[in-house]
Amino acid sequence: MRYITIALSKGRLAKKALEIFEHIGITCDEMKDENTRKLIFTNEELGLKFFLAKPSDVPTYVEYGAADIGIVGKDTLLEEGRTLYEVYDLKVGNCKMCVCGPSSAKEKLQHHELIRVASKYPNIAKDYFYNKKHQTVEIIKLNGSVELAPIVGLAEVIVDIVETGATLRENGLEVLEEICPLSARVVVNQVSMKMENERINKILSDLRKYMENC
Ligand SMILES: Nc1ncnc2c1ncn2[C@@H]1O[C@H](COP(=O)(O)OP(=O)(O)OP(=O)(O)O)[C@@H](O)[C@H]1O
Ligand SMILES: O=P(O)(O)OC[C@H]1O[C@H](OP(=O)(O)OP(=O)(O)O)[C@H](O)[C@@H]1O
């Protein structure tokens, strides 16, 4: 029997995803060992393989069929723009994508001034400013600690994830505009959905039943 392969996003979402899979009888104890350097894990009994990948790579593995199913944040899906089926909202990892900055940047946004926008998510930032707001801005790609950008004068505002708001508060920044809500999604390779329909649909319907009873 062919294995069904599931790609999980390393970091925040992996633990939450593994917990949900455990509730529907899909376990992978080996993967919980935080000291392991192993990259791929097999549950022979269930005919499943799991692997952990960098969140931004999960949609790539799923689009190419190296993984049949993926668990990934909506932010990553929007940013990567891959061709796959987004089938289910797991309603965990809830946060939102926002334009943030010091309160002094509010007016610049309102007056559509030519500002610099720093983000780990340049495509989301472009889509928001160019297509939704019809505002010309300069987008600067960063890889983390994006809140630094307005503090040190690299950009007037940032486009980033806000969950509790603590990072913004502690750095004298605030949400200036909300772009969209985010959460973890289940995605499926388009060919696998047809070729392995029965087995994939069983996993999806078990997930759905569990989530409905939460
Ligand atoms: N407070 C939060 N900050 C960032 N991401 C969050 C938060 N809450 C939930 N998420 C979700 O978790 C995912 C990111 O997880 P995590 O922060 O562990 O990875 P990362 O550090 O962004 O990965 P990378 O190594 O690619 O930079 C996001 O894609 C998002 O969907
Ligand atoms: O609203 P909060 O609860 O403070 O969470 C939001 C912060 O968490 C994330 O950063 P992360 O910890 O992933 O580090 P990074 O900036 O290096 O990506 C995100 O980019 C924000 O900075």
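Order of listing sets the numbers, starting from 1, for every ligand and every atom in it. Keep in mind that this is a model prediction, so the values were computed, not measured.
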- Which atoms of ligand 1 have any heavy atom of P55 under 4.0 Å away? 19 (O), 23 (O), 26 (O)

- Note on the structure: protein heavy-atom neighbour closest to atom 11 (C) of ligand 1 works out as L13 CD2, 4.0 Å

- Message: So, taking the atom named CG in D206 and the one named CZ in F21, what distance separates them when rounded to the nearest 0.5 Å?
- Response: 10.5 Å

- Ligand-side contact atoms (ligand 1) for residue partner T76, heavy atom cut-off under 4.0 Å: 29 (O)

- Note on the structure: Rounded to the nearest 0.5 angstrom, the CD-CG distance for E80 and L84 is 10.5 Å

- With heavy atoms of D75 as the reference, note each atom of ligand 1 found under 4.0 Å away. 28 (C), 29 (O), 30 (C), 31 (O)

- Taking only heavy atoms of G11 into account, list the atoms of ligand 1 that are under 4.0 Å away from them. 18 (O)

- Note on the structure: Taking only non-hydrogen atoms of C95 and a 4.0 Å limit, the atoms of ligand 1 in range are 8 (N), 9 (C), 10 (N)

- Report the nearest protein non-hydrogen atom to atom 5 (N) of ligand 1: residue, atom name, distance rounded to 0.1 Å. I161 CD1, 3.6 Å

- Looking just at side-chain N and O atoms, do Q135 and Y130 make a donor-acceptor pair shorter than 3.5 Å? no

- Atom indices of ligand 1 within 4.0 angstrom of E163 heavy atoms, with elements: 1 (N), 2 (C), 7 (C), 8 (N)

- Interatomic spacing from CD1 in I115 to NE2 in H112 - rounded to 0.5 Å: 9.0 Å

- Applying side-chain hydrogen bond (donor to acceptor under 3.5 Å, both in side chains), which residue pairs with at least one partner in residues 90-107 are found, sequence neighbours left out? K96-E178, K106-E174

- For ligand 1, which atoms sit closer than 4.0 Å to a heavy atom of G73? 31 (O)

- Item | Between R185 and S183, a side-chain donor and acceptor under 3.5 Å | yes

- Item | T164: numbered ligand 2 atoms lying under 4.0 Å from its heavy atoms | 1 (O), 2 (P), 3 (O), 4 (O)

- Message: Which of the numbered atoms in ligand 2 are under 4.0 angstrom from any heavy atom belonging to G165?
- Response: 1 (O), 2 (P), 3 (O)

- Query: In this structure, which one of I203, I20, I71, V72 forms a side-chain contact (heavy atoms from CB on, under 4.5 Å) with V186?
  - Reply: I71

- In this structure, atom 6 (C) of ligand 2 is nearest to the protein heavy atom I161 O, 3.4 Å

- Task: May I ask you to identify the nearest protein heavy atom to atom 18 (O) of ligand 2, giving residue, atom name and distance to one decimal place in Å?
- Result: K120 NZ, 3.0 Å

- Residues E22 and Y210: side-chain donor-acceptor under 3.5 angstrom: no

- Message: Looking only at the side chains, is there a donor atom on one of N171 and E147 sitting less than 3.5 Å from an acceptor on the other?
- Response: no

- Message: Within the 4.0 Å heavy-atom shell around E147, which atoms of ligand 2 are there?
- Response: 21 (C), 22 (O)

- Protein heavy atom at shortest distance from atom 12 (O) of ligand 2: R12 NH2, 3.1 Å

- Item | Residue pair T36 / D33, side-chain donor-acceptor N/O under 3.5 Å | no

- Message: Using a 4.0 Å heavy-atom cut-off, which part of T167 comes near ligand 2: side chain, backbone, both, or neither?
- Response: both

- Item | Exam field: side chain S119 to backbone V159, donor-acceptor pair closer than 3.5 Å | yes

- Task: Within a distance under 4.0 Å of any heavy atom of D160, pick out the atoms of ligand 2 and give their elements.
- Result: 19 (C), 20 (O), 21 (C), 22 (O)

- Check whether the side chains of D160 and Y121 place a donor and an acceptor atom closer than 3.5 Å, and report yes or no. no

- Message: Among residues at least two apart in sequence or on other chains, which ones pass side chain to side chain contact (heavy atoms under 4.5 Å, CB included) with T60?
- Response: Y64, R82

- Any idea which atoms of ligand 2 are less than 4.0 Å away from a heavy-atom of V162? 1 (O)

- Given side chains that start at C-beta, do those of F41 and K49 come closer than 4.5 Å, heavy atoms only? no

- Task: Evaluate the 4.0 Å heavy atom contact test for atom 8 (O) of ligand 2: does a protein atom fall under the cut-off?
- Result: yes

- Which one of K96, E170, E163, R169 has a non-hydrogen atom at the shortest distance from atom 5 (O) of ligand 2? E163

- Nearest heavy atom to atom 26 (O) of ligand 1: which of K120, K16, K54 does it belong to? K54

- Give the numbers and elements of all ligand 2 atoms closer than 4.0 Å to a heavy atom of S145. 15 (P), 16 (O), 17 (O)

- Task: If you have a sec, work out which protein heavy atom is nearest atom 17 (O) of ligand 1 and how many Å separate them, to one decimal?
- Result: R12 NH1, 2.5 Å

